[in-house]
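Here the structure is laid out as structure tokens; the discussion comes afterwards.
When reading the values below, keep in mind they use all heavy atoms of this one structure, side chains included, and skip hydrogens, waters and symmetry mates.
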Amino acid sequence: MCPGRVELTQGGGTGLVSLRERFAVLGGALEAGAAGNGRRVAGTLPIARVVRTPSAPQYGAEGL
């Protein structure tokens, strides 16, 4: 095993399928495939517009 690399094991084959389903439910997309000598997984999710109501907590730059 090379330093900095993760050894992959054979799984049930549902990992990427499950991830794609989760991204799709949220209106996004997930792509996976070969990239050079390895694999690439990239996902996109839409950014929702946040509407604040008077009862919603207001967070500043300092965070929660």
Starting at CD of Glu31, measure out to OG1 of Thr44 and round the result to the nearest 0.5 Å. 7.0 Å
Any chance you could measure Glu21, atom CD, to Leu16, atom CG, to the nearest 0.5 Å? 11.0 Å
Might you point out which heavy atoms bring Ala32 and Val41 nearest each other, and give the distance in Å? CB-CG2, 4.1 Å
Over all heavy atoms of both residues, which pair between Arg40 and Ala35 is shortest? Give the atoms and the distance, please. CB-CB, 3.5 Å
